[in-house]
Protein chains: 2
Amino acid sequence: MVVNKLALSQATIKRIPVYYRTVKALQQSGVKRVRSDRLSKLVHIAPATIRRDFSNFGDLGRSGYGYSVDLLAEVFGELLEVHSEEQMLLVGCGNLGRALLTNNFRRNPDLSIVMGFDTDPSLIGTTIAGIPIYNLATLSEKIRPGMHTAIVCVPSSAQASVISQLEANGITAILTFAPKPVPAQPGTKIRYIDLTSELQALLFVDHQSKLVQEPKTPLKQS
Amino acid sequence: MVVNKLALSQATIKRIPVYYRTVKALQQSGVKRVRSDRLSKLVHIAPATIRRDFSNFGDLGRSGYGYSVDLLAEVFGELLEVHSEEQMLLVGCGNLGRALLTNNFRRNPDLSIVMGFDTDPSLIGTTIAGIPIYNLATLSEKIRPGMHTAIVCVPSSAQASVISQLEANGITAILTFAPKPVPAQPGTKIRYIDLTSELQALLFVDHQSKLVQEPKTPLKQS
DNA sequence: CTGAATATGTGAAATATTTAACAAATAGGC
DNA sequence: GCCTATTTGTTAAATATTTCACATATTCAG
Ligand SMILES: NC(=O)c1ccc[n+]([C@@H]2O[C@H](COP(=O)([O-])OP(=O)(O)OC[C@H]3O[C@@H](n4cnc5c(N)ncnc54)[C@H](O)[C@@H]3O)[C@@H](O)[C@H]2O)c1
Ligand SMILES: NC(=O)c1ccc[n+]([C@@H]2O[C@H](COP(=O)([O-])OP(=O)(O)OC[C@H]3O[C@@H](n4cnc5c(N)ncnc54)[C@H](O)[C@@H]3O)[C@@H](O)[C@H]2O)c1
């Protein structure tokens, strides 16, 4: 099952993990086949979009039948390389970092945070959920050869410095919760999780939809 | 300063909070004017996109000058209704919920989580960062009239039940970290934060870009 | 084995979003 | 007050993404 990773749209790429999770769940409940309209209800994506996405990976389905859940799970698993463990590090073991270390993507055995870093002396040398916390100054000693992914949970003010240290130590993929954009080296992929903006955008559309429903402007005051 | 909230594209809406945060930061460092190309570097959005977004709100800028930072802050603040406090509740005060309660969007005085809910007896009756935690069964007693926003940090398995309870109590906007889509009532706006998918999509593009850089397929084995 | 029912994969259209490019407007030095 | 350098706002083009709609392939009941 060889697929071309190179010609995919960004929109499709963002959906692959969702498809993967969903077909895995179907597989675990013993479901053997699924149609695009059924999948559509599970993932909240239009059936035509699903079929077009899937068509990027060859003729996965069969007319009049649907898709084999096992085959989908195999294809998406291969795309996401779930068969090789991704060892990651986390910088900033405060409130949010602690939550992530404790959860540690446990539903995905291939995703594993194996070490944490901080600058707070009271955290250095401890473990959180069994994961050792090191001094960020010792990053180059502690990091293991194959590692190239980091999760960053430091204050915005520390972000630029932390990220350049990570880049200097071979990290090429960064998921960060500090929403302050930093200049990155060409090869580095950074994904910003901006919870405040997500919340504000949500509130905006909620207020917006209420404006439509209740115009609240009586035609005449009398 | 009256703007039309109704004709905005989704893409623009998602950027409003980013603009707001950025111009606020400029304002606080005493900057009085800013050009679209300068802003572009701060927010990682193309200057033309910025100008087009801003043009939705009237003629905010002046040719040969740029934009008044104070005016931008005022316009975006009004769009986001930062002058009225949004009192929110949080359900699921576990690891992630605790981090959110502790942080409580403190940089945004208008965003405030004022109560938490859980079903764990060892949490009910306690406070986290001064915020009281109640039994979810008592939601209808504890919720205050104006509240319509909730943050959900419960396991995926509990999500559907929790969300229908929230809807039954007047909640119309929900930010949730359990990435399992649920059927929602028409008026309810739900935003899913799917950290695992974000990470997997990041890793995908990182691997993808490495495929291009190092083809690693020698033309001849000899 | 046959044929009605089904559901894919995909051209073509529709929609959404970004980007280029420049006329028009303003700034600000002199 | 004039003139040049700037920088906006916007028209048009380009790109990206979604959706429609149906010919085609396959299923499966009888
Ligand atoms: N927790 C939330 O609800 C929330 C919400 C939105 C955004 N965020 C963002 O997530 C990030 C982390 O939030 P948090 O609540 O965990 O903050 P926190 O203050 O609890 O934790 C930050 C951690 O980073 C460490 N740190 C500081 N400077 C460092 C450096 N230079 N190198 C390494 N470690 C360093 C601190 O010692 C601390 O342990 C922040 O940028 C915050 O803005 C958090
Ligand atoms: N923490 C992470 O790193 C992380 C990463 C990705 C996704 N998530 C998702 O975020 C959610 C919360 O994660 P977490 O790490 O905080 O989990 P957690 O187990 O630490 O906390 C869950 C909390 O929800 C409460 N709860 C359970 N059922 C409930 C119900 N019916 N009503 C009210 N409260 C209930 C539990 O008592 C607990 O306090 C989960 O859906 C998880 O999948 C977390």
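Each chain gets a letter, A, B and so on, in the order the sequences are listed, and its residues count up from 1.
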Counting distance only, does the side-chain N/O of Asp53(B) pair as donor-acceptor with the main-chain N or O of Thr12(B) below 3.5 Å? no

Calculate the interatomic distance between Arg35(A) atom CZ and dT26(D) atom P; express it in whole Å. 18 Å

Would you say Ser63(A) reaches dT24(D)'s phosphate, i.e. side-chain N/O to OP1/OP2 under 4.0 Å? no

To the nearest angstrom, how far is Ile50(A) atom CD1 from dA7(C) atom P? 14 Å

OH of Tyr65(B) versus C1' of dT26(C): gap in Å, rounded? 11 Å

In whole Å, what is the span from the CG atom of Asp53(A) to the P atom of dT18(D)? 7 Å

Without decimals, in angstroms, what is the distance between Asp59(B) CG and dA24(C) P? 15 Å

Tell whether Arg52(A) reaches the base of dG11(C) with its side chain through a donor-acceptor pair below 3.5 angstrom. yes

Any side-chain to backbone donor/acceptor pair from Ser40(A) onto Ile45(A)? Under 3.5 Å, distance only. yes

For Tyr67(A) and dT27(D), what is the distance between atoms OH and P respectively, to the nearest whole Å? 14 Å

Rounded to whole Å, how long is the line connecting atom CZ of Phe54(A) with atom P of dT19(D)? 15 Å

Look at Arg51(B) and dT8(D) and indicate whether a side-chain polar atom (N or O) is within less than 4.0 Å of OP1 or OP2. yes

Checking side-chain contact (heavy atoms from CB on, under 4.5 Å) for the pair Glu86(B)/Leu111(B): CA distance, chi angles, key distance, verdict? CA-CA 5 Å; Glu86(B) 183 71 37; Leu111(B) 301 176; 4.2 Å; yes

What is the nucleic acid contact for Asp37(B), judged by heavy atoms within less than 4.0 Å: base, sugar-phosphate only, or nothing? nothing

Please list residues of residues 11-34 of chain B whose heavy atoms come under 4.0 Å from any atom in DNA chain C, ordered by number; otherwise none. Ala11(B), Arg15(B), Arg33(B)

Is the shortest heavy-atom distance from the side chain of Val23(A) to the side chain of Val75(A) under 4.5 Å? no

Between Ser112(B) (side chain only) and Val114(B) (backbone N and O only), is there a donor and an acceptor less than 3.5 Å apart? no

For a quick test of reading the model: is some side-chain N or O of Ser36(B) closer than 4.0 Å to OP1 or OP2 of dT8(D)? yes

Nearest whole angstrom, please: distance from the P of dT18(D) to the CG of Asn56(A). 11 Å

Within the 3.5 Å criterion, strictly below it, is a donor on Glu78(A) or His83(A) matched to an acceptor on the partner's side chain? no

Below the 4.0 Å mark, does dT17(D) have OP1 or OP2 next to a side-chain nitrogen or oxygen of Ser9(A)? yes

Residue pair Arg107(A), Ser156(B): steps toward the side-chain contact (heavy atoms from CB on, under 4.5 Å) verdict: CA-CA 12 Å; Arg107(A) 288 212 182 164; Ser156(B) 282; 4.1 Å; yes

Is Arg62(B) close enough to dA27(C) that one of its side-chain N or O atoms is under 4.0 Å from OP1 or OP2 there? yes

